[in-house]
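All remarks here apply to the structure that follows.
These numbers come from a predicted model, not from an experiment. Only heavy atoms go into these numbers, but all of them, side chains included; no hydrogens, no water, no symmetry mates.
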Amino acid sequence: MIHSIIVESTGLQPLTLILAKPEQSLGLAVISVGELGPGSADVKETEWATIDGSTLGSVRRGSRVIPIELQFVAYKRNVSIADVRRTTYKYFQLGKKIKLTFCNTSSFGKETKYWIEGVVTMNNPNIWSNEEGTSIEVTCGDPYFKDSEETDGSFSEIIQWFRFGIPEEPTYPDGVSNATYKTATGWLPDMDLPFKMVSTVKTDELGNTFTVDEFLLDAPVSERINYALKRVIVSSTVTIGCIFKFETTGPVVNPVIYNLTTGDIMRFNHTFSTGEKMIIDTRKGYKSIRSLDGKNTNLLNYLDIKTAQWITLVNGENVLGLYCDDGFENVELSYNIRPIYQGI
């Protein structure tokens, strides 16, 4: 159950509201807190004149408004109800951004914390009352609760395998020299295989000469590929993004980051030089690719926009991967994941 709420506001010490213990909460007794569940969503519908019902379109969750009911308690000598009331004016100042952290302890003793940020949009005390208190509302533009614990990791396991470029039944270009035959390679990036047409003069048993045109592969039949996989377990009630930190210790050509579980892939058409660093943020509302050179340069132009899908993570197991056309051993890639929840 939720046993306390931590209120954080810029310039003030954190205020911990302990349920049923106003004497330890500067005289503020929490009566109720609402809108802590998934809530409701807005649905766009299209109605048709010829059929009953409607066609459902997009479904979205709007902002979250958290109502908090507090009662004032004179918890020690020389502290009046008015003093307690004025405490709320400091911590729940209209228009000020605050952070609410909800502390929960399960029946097995496990401690979990979930936080959300918002702006105070109401602080309405009932001053002339036998049980004086106040009604507070905090409006949260981002309606989701964040886990206080993050998951950090890196791609350290290198896997080697051989990729063969010729399929069992190749389809050659129809009469075009120097054509390119493209073969699918599953979840790894497509590999272009160059073919060339070679004309050979041959002689049959009767001594007649003739010319034979053949398409020959102008590339190795196979190549060794280095890539890395990382299995990540995510506990989140909604699909989330994450933050990647990409660094190079040498030249790197066209790196690719992907999620085997969701099929998302981010391909970078760029040759990175030694010492380049960038941050790739795939979280909703924060999507960006920027340099870590102190200038915070926008590097979105490195991304292959035509094929790119921002990396997302689903609840449960996700298999993240890294691949490069060249210079794989020069890449250092780490990630940061923070689960989010529709409710607590």
Within-4.5 Å side-chain heavy-atom neighbours: [X] and [Y]:
| X | Y | result |
| --- | --- | --- |
| L303 | M266 | yes |
| L320 | L313 | yes |
| L292 | K245 | yes |
| T312 | T282 | no |
| P125 | Y89 | yes |
| P67 | E35 | yes |
| L229 | L260 | yes |
| K90 | L12 | yes |

Any chance [atom1] of [X] has more than 12 other-residue heavy atoms, nucleotides or ligands included, within less than 6.0 Å?
| X | atom1 | answer |
| --- | --- | --- |
| K287 | NZ | yes |
| K97 | NZ | no |
| E45 | CD | yes |

Joint cluster assignment, [X] & [Y], ILVMFWY side-chain distance < 4.5 Å:
| X | Y | result |
| --- | --- | --- |
| Y144 | L36 | no |
| W310 | V314 | no |
| I98 | I344 | yes |
| V119 | L94 | no |
| V232 | L322 | yes |

Looking only at the side chains, is there a donor atom on one of [X] and [Y] sitting less than 3.5 Å from an acceptor on the other?
| X | Y | answer |
| --- | --- | --- |
| E276 | S273 | yes |
| D264 | N259 | no |
| T46 | S54 | no |
| W48 | T55 | yes |
| T261 | N318 | no |

If only atom types and distance count, is the side chain of [X] paired as donor or acceptor with the main-chain N or O of [Y] below 3.5 Å?
| X | Y | value |
| --- | --- | --- |
| S129 | E131 | yes |
| S148 | Y114 | no |
| R64 | G37 | yes |
| S236 | V238 | yes |
| S4 | T16 | no |
| K230 | S334 | no |
| R290 | I279 | no |
| T88 | V84 | no |
| N330 | P251 | yes |

In plain terms, say whether [X] and [Y] are close enough for a salt bridge, that is, a side-chain N and a carboxylate O under 4.0 Å apart.
| X | Y | answer |
| --- | --- | --- |
| K76 | E23 | no |
| E111 | K113 | no |
| R338 | D147 | no |
| D281 | R283 | yes |

**Fill in**
Here the pair of heavy atoms bringing T134 nearest to N126 is N-OD1, 4.0 Å
**Message:** Is there a side chain to side chain contact (heavy atoms under 4.5 Å, CB included) between K146 and I340? Walk through the geometry before answering.
**Reply:** CA-CA 4 Å; K146 280 77 172 177; I340 65 175; 3.8 Å; yes
**Prompt:** Hey, which of D304, D325, T271, N269 is the one that makes side-chain hydrogen bond (donor to acceptor under 3.5 Å, both in side chains) with N254?
**Reply:** D325
Considering only distance and modelled atom types, tabulate donor-acceptor pairs under 3.5 Å from the side chains of residues 68-75, sequence neighbours left out.
residue, atom, partner, partner atom, Å
E69, OE1, S135, OG, 3.0
E69, OE2, S135, OG, 2.9

**Item:** Whether F272 and F246 hold their rings parallel, tilted or perpendicular, with breakpoints at 30° and 60°
**Value:** tilted
**Request:** Flag the pair Y323 / F328 as yes when their ring centroid distance falls below 6.0 Å, and as no otherwise.
**Result:** no
